[in-house]
Amino acid sequence: MIPLKPLADLPTHEVTNMPPHQGDQDLWQSDVALREGVKREGAGWVEARLADFGKVAGASETFEKADRANRHGPELKPFDRYGMRINQVEFHPDYHDLMAVAIENELASFAWTNDRPGSQVGHVALNYMFNQAEGGVLCPVSMTYAAIPALRTTPGIADAWIPRLLSASYDQRDIPVTEKTGATMGMFMTEKQGGSDVRANSTRAVAVGSGTGPDAEYLLTGHKFFCSAPMCDAFLTLAYTDTGLSCFLVPRWTPDGERNTLFIQRLKDKLGNRSNASSEMELQDTFGVMVGDDGRGVRTIIDMVQGTRLYCCISSAALMRQALVQALHHTRHRSAFQKRLIQQPLMQNVLADLAIESEAALALALRIARAMDEAGTNESAAAFARITTAIGKYWNCKRAPGHIVEAMECHGGPGYVEESILPRLYREAPVNSIWEGSGNIMCLDVLRAMFREEAALPAFLSELDLARSENSAFDAAADALKQELGKPEDMEFRARALTEQMAVLLQASLLIRHSPVAVSDAFCASRLGSRWTGAYGTLPAGLDFGAIIERAAPVS
Ligand SMILES: Cc1cc2nc3c(=O)[nH]c(=O)nc-3n(C[C@H](O)[C@H](O)[C@H](O)COP(=O)(O)OP(=O)(O)OC[C@H]3O[C@@H](n4cnc5c(N)ncnc54)[C@H](O)[C@@H]3O)c2cc1C
């Protein structure tokens with residue numbers, strides 16, 4: 001704990017020109033773009049709840065717990081004292097506290113328990129705020145959220161599992177799920193010989209009795225190379241039957257009340273996301289129940305992956321927002337060359353550039369969530385959600401690491417030190433780009449959506465058209481994109497460039513329509529200009545830097 005009044009009078013000198021401790025943050029009240037975006041995208045009815053949660057997520061206590069849970073990562077306990085295999089992972093107590101906060105505040109369940117438009121947007125806002133403090137626990141939380149559509153394909157499993165997965169009770173006990181008040185869900189897809197290419201999986205599934213297909217019981221044998229949150233109660237797992245690659249629910253405990261044969265081999269020593277355990281697993285005659293149709297495992301699990309990809313998009317926006325908040329706090333209180341850093345013109349350029357990137361990333365995530373809200377009743381919205389989830393996952397995740405580095409640099413040396421949150425944010429960022437489909441895979445998925453789903457590209461282009469005639473750079477860039485999309489040759493080579501153009505234009509379209517003109521002007525003048533290299537702090541002169549910074553700056 002930081003003392004309330006630290007001593008500034010040291011024996012040799014007085015400590016001056018250092019920012020005050022930031023204290024509790026109100027992640028809702030201080031974030032104008034979030035408040036506006038939530039209302040705009042149809043979740044105005046969640047405001048009171050978000051206002052309460054903004055204080056919980058932003059409390060110093062939450063940040064301190066996250067810091068400890070990441071410093072003191074999980075430990076594998078494969079055996080008990082008598083040499084019996086238990087396959088357990090022990091976490092720091094703060095990890096469990098943070099899991100409880102996330103589950104009790106419905107970060108996994110809100111989108112499904114509130115059957116009204118705006119629930120996906122509310123889900124995004126809750127996760128966006130919490131993720132500013134902690135990403136590790138949101139791995140199992142986001143997988144639990146994302147598993148619901150896949151489980152709904154198979155009624156027997158849905159009835160048994162969904163009520164517990166949607167429970168707002170965090171029950172960390174390693175006991176059969178029928179005795180638990182709440183449950184969490186992970187997923188096992190990646191194997192050593194293939195992660196992106198899951199058809200290279202070698203794990204086999206053999207039916208236990210005479211029944212096969214959805215809801216039938218199987219035994220799985222093989223391995224999985226990346227299994228995050230291995231203390232979840234069940235895992236959606238890909239394995240081959242004679243029909244083809246299929247999806248199974250693999251529980252920690254079998255229906256007979258025995259430990260399932262899930263052998264955790266070791267935990268990964270990861271760059272970031274260290275509060276969360278990621279493991280390697282062996283499956284040997286491991287009990288599982290088929291989810292979805294036999295041989296259609298990729299189709300079944302893709303419903304889950306859509307949700308976790310949205311999470312990566314939200315998480316990247318959240319990391320950028322918190323990095324920006326830290327940079328604004330520091331530069332507002334630190335002086336150099338007779339001025340506050342925040343008043344130095346070149347620093348204003350950097351801060352404003354970070355601010356527009358952060359606002360654009362959030363706007364994108366909220367817009368995708370609204371499309372998900374509408375997808376059940378609107379085919380065009382479903383197609384829009386399908387293509388923009390891949391676009392948003394690619395672009396927000398690509399922009400986050402560089403953004404955080406720049407926010408770190410705004411602090412000078414203290415930003416590089418672990419006591420600031422910047423190193424942890426920085427380490428957290430790259431995983432969002434790698435898991436749930438790495439960057440190239442996302443761009444290839446954008447092409448797939450364009451070519452396989454007739455409604456996807458028209459829905460996307462119509463959204464751009466809504467912002468026409470407001471900004472000449474935008475109009476020109478939207479025309480250029482249409483030309484690019486009209487050239488079928490070498491599409492795969494150009495997939496990153498195309499996806500980037502689509503992402504930036506969609507963000508610009510949202511900012512032009514919904515943000516102050518200072519923000520959208522700066523975004524279009526830089527991102528859609530010919531000189532943009534992607535480095536931060538390179539906005540053209542003449543923009544309203546003060547207005548952009550003021551909008552982003554939290555109320556102190
Ligand atoms: C911390 C962490 C936790 C994870 N947790 C889980 C988990 O819980 N469950 C799970 O199933 N997996 C998990 N993963 C695995 C993750 O989903 C995979 O690492 C990811 O899908 C990439 O697969 P791979 O590692 O086999 O890389 P590869 O598939 O070998 O890909 C390597 C690179 O090649 C690129 N590439 C692949 N194909 C093409 C192509 N056709 N054209 C161009 N480029 C291509 C990829 O984009 C990537 O950049 C986790 C990973 C990490 C880092």
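Here the structure is a predicted model, which is why all the values come from computation and not from measurement. Whatever order the structure lists ligands and atoms in, that order sets their numbers, starting from 1.
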May I have all residue pairs that pass salt bridge (Lys or Arg N to Asp or Glu O under 4.0 Å) and include part of residues 436-451, sequence neighbours excluded? Arg309-Asp445, Arg386-Asp445, Asp445-Arg448
Residues that Ala495 engages under side chain to side chain contact (heavy atoms under 4.5 Å, CB included), provided they are two or more places apart: Cys443, Leu447
Could you walk me through whether Thr308 and Ser142 pass the side-chain hydrogen bond (donor to acceptor under 3.5 Å, both in side chains) test, one step at a time? CA-CA 6 Å; Thr308 50; Ser142 65; over 6 Å; no
Only pairs at least two apart or in different chains count here, so list each side-chain hydrogen bond (donor to acceptor under 3.5 Å, both in side chains) that has a residue in residues 95-105. Lys65-Asp97, His96-Tyr170, His96-Gln172
Could you check whether Asp233 and Trp161, counting side-chain N and O atoms only, form a donor-acceptor pair closer than 3.5 Å? no
Can Lys270 and Ser278 be counted as having a side-chain donor-acceptor contact under 3.5 angstrom? yes
Sorted by chain and residue number, the residues with a non-hydrogen atom under 4.0 Å of ligand 1 are Met187, Phe188, Met189, Thr190, Gly194, Gly195, Ser196, Phe226, Cys227, Ser228, Lys270, Ser278, Val431, Ile434, Trp435, Glu436, Ser438, Asn440, Ile441, Leu444
